[in-house]
Amino acid sequence: MEADDASVRLGNVGFSDREIAALVGVTDGYVRLARFRAKNKGGRKPRKKKAA
């Protein structure tokens with residue numbers, strides 16, 4: 001299991017960011033980034049800019 005997946009699953013169970021970081025061996029910021037990536041995984045795709 002990758003660190004991203006483990007961080008998200010442990011967060012869903014109820015562990016805090018600091019607890020997850022200590023268990024997985026990453027920083028607090030990485031835990032928040034992994035949660036953000038998982039949340040926006042199926043989000044909208046950015047629009048292409050119109051040609052001038």
Side-chain angles (χ1 to χ4, degrees):
M1 183 179 304
E2 292 185 21
D4 284 1
D5 193 31
S7 298
V8 172
R9 289 182 184 209
L10 288 171
N12 289 340
V13 174
F15 285 96
S16 70
D17 290 349
R18 290 186 183 192
E19 292 170 334
I20 296 169
L23 289 170
V24 179
V26 294
T27 62
D28 295 349
Y30 185 86
V31 173
R32 289 189 290 274
L33 181 64
R35 189 177 301 131
F36 178 79
R37 286 179 186 158
K39 182 174 133 183
N40 293 327
K41 195 172 197 177
R44 294 186 329 188
K45 295 180 181 176
R47 294 186 308 176
K48 294 183 180 179
K49 295 183 179 180
K50 295 182 180 178

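Quick caveat, the model's predicted, so the values are computed rather than measured. The figures that follow rest on heavy atoms only: side chains count, while hydrogens, waters and symmetry mates do not.
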What pairs with R18 under side chain to side chain donor-acceptor pair (under 3.5 Å), at least two apart in sequence or on another chain?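 R18 satisfies side chain to side chain donor-acceptor pair (under 3.5 Å) with no other residue.
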Between R35 and D17, the two heavy atoms sitting closest are NH2-OD1, 2.7 Å
Counting only pairs under 3.5 Å, give me each side-chain donor-acceptor contact of residues 21-31, with atom names and distances, residues two or more places apart or in other chains.
residue : atom : partner : partner atom : Å
T27     : OG1  : Y30     : N            : 3.3
Y30     : OH   : D4      : OD1          : 2.4

